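Whatever order the structure lists them in is the order used to number ligands and atoms, beginning at 1. Values in this document were obtained by computation on a predicted structure and should not be read as measured data. All residue numbers in this chain count up from 1 along the given sequence.
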Amino acid sequence: MRGLVDYHMHSVLSDGTATYEEMTLAAIEKGLLEIGFSDHVCLKPVSWAMQEVDLPVMTRQIKEIQDKYGHLINIRYGIELDFFPGKEERLQRIINNLPLDYVIGSVHFLDSWNFDGDESFYGKWSNDHLYEIYFRMVQQAVGSGLFDTIGHLDLIKKFAVYPESDQRKLYQETAVLIRESGMVVELNTAGLDKPCAEFYPSPQWLEILHSHEIPVTLSSDSHHPRQLARHYQQAIDLLKKTGYHQIVRYQGRKKSWLKI
Ligand SMILES: [Zn+2]
Ligand SMILES: [Zn+2]
């Protein structure tokens, strides 16, 4: 999709399959205006994320790729940082020590359960209870003030797990907090390729966000070059239908706008 942005992608430094260079060349090929790398950074020692000690490697590689291809495409430096309640100071220190353009805050853990990678605990609670736990965690991440973008807002539905009853009140409460925080929500197109088969967040969620005048940006959560800007035409159509006519761009943790 020519002239657009893609702010959520992973390289071999976390759990992606390609280098920064391979991802960048694919993005140039697709005519993207701007990309942002957002490798996983996690306080827990997991195989799919960079640890604090690895971060100078990432910063150096980002600088190298910007120097090499910056005349062909805008390359931004982001991270996808796992939120853990009670660890806000450590997370803030990580963010402060990196020359970042934006920070995606994601919830992949409920206590020690990595719920988007391990299906074994689904069914332990009612889905209503699970959604409540998940969105309370998202609310804490939003309230922490650490992040610019919320990653895959309704990731808890990934394995097509849906609440038993209407959760509109919980969503409205969450939207109010997002609005107050000044955060941006990404329309993450990866969900369409998962069992839930819809974007994160869903069209219904997007309507709630729009009614609260919450800004959005666009991302593919790519782990492979061919996934860059995946399903973007459908995403743009949905955004316009919902009433969005511009999306957020980032540089140096400051927002600007791109018309769609
Ligand atoms: Zn994620
Ligand atoms: Zn991701």
Side-chain angles (χ1 to χ4, degrees), residues 5-20 22-24 26-27 32 35-51 54-55 58 62 75-84 87 91 94-95 98 100-110 112-119 134-135 137-138 140-142 144 146-159 161 178 183-196 198-202 205 216-232 235 250:
V5 297
D6 191 340
Y7 284 125
H8 192 147
M9 60 188 71
H10 299 277
S11 78
V12 286
L13 291 186
S14 60
D15 59 348
T17 57
T19 61
Y20 284 157
E22 290 163 336
M23 295 297 272
T24 301
L32 285 167
I35 55 170
F37 288 103
S38 62
D39 274 307
H40 290 287
V41 178
C42 186
L43 294 179
K44 280 188 198 288
V46 291
S47 62
W48 46 265
M50 301 286 276
Q51 308 297 298
D54 303 319
L55 298 178
M58 192 163 69
I62 290 278
I75 301 169
R76 302 294 182 232
Y77 184 10
I79 52 174
E80 182 179 13
L81 186 57
D82 272 85
F83 175 71
F84 293 106
K87 303 285 186 203
L91 295 171
I94 289 174
I95 294 168
L98 296 172
L100 293 166
D101 291 305
Y102 62 93
V103 183
I104 301 173
S106 290
V107 174
H108 300 113
F109 286 93
L110 298 174
S112 57
W113 177 32
N114 183 192
F115 67 86
D116 69 317
D118 166 16
E119 289 185 68
Y134 171 75
F135 279 106
M137 189 71 91
V138 170
Q140 285 189 69
V142 168
S144 73
L146 288 164
F147 310 112
D148 302 302
T149 304
I150 305 165
H152 36 59
L153 177 62
D154 56 354
L155 181 65
I156 195 68
K157 73 181 178 191
K158 177 176 174 179
F159 296 108
V161 169
I178 297 170
M183 281 178 78
V184 174
V185 173
E186 61 169 5
L187 182 60
N188 179 322
T189 58
L192 205 58
D193 298 330
K194 300 295 188 304
C196 60
E198 60 177 20
F199 295 147
Y200 309 116
S202 65
W205 245 117
V216 295
T217 192
L218 197 51
S219 70
S220 66
D221 211 340
S222 292
H223 290 70
H224 189 285
R226 72 167 173 270
Q227 295 172 333
L228 285 165
R230 57 177 139 180
H231 312 304
Y232 262 27
Y250 285 116

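Not less than 6.0 angstrom separates the ring centroid of H223 from the ring centroid of W48.
Using a 3.5 Å distance cut-off with no hydrogens or angles, the side chains of H108 and D82 do pair a donor with an acceptor.
The CD atom of Q51 sits 9.0 Å away from the CD1 atom of I94 when rounded to the nearest 0.5 Å.
Ring planes of F83 and F147: perpendicular class, angle over 60° (limits at 30 and 60°). Between F115 and Y134, the ring-plane angle classifies as perpendicular under the 30° and 60° cut-offs.
Screening L153, V216, I150 for a side-chain contact (heavy atoms from CB on, under 4.5 Å) involving P201 leaves a single residue, L153.
Distances shorter than 2.8 Å separate the Zn ion (ligand 2) from the protein N/O/S atoms H8 NE2, H10 NE2, E80 OE1, D221 OD1.
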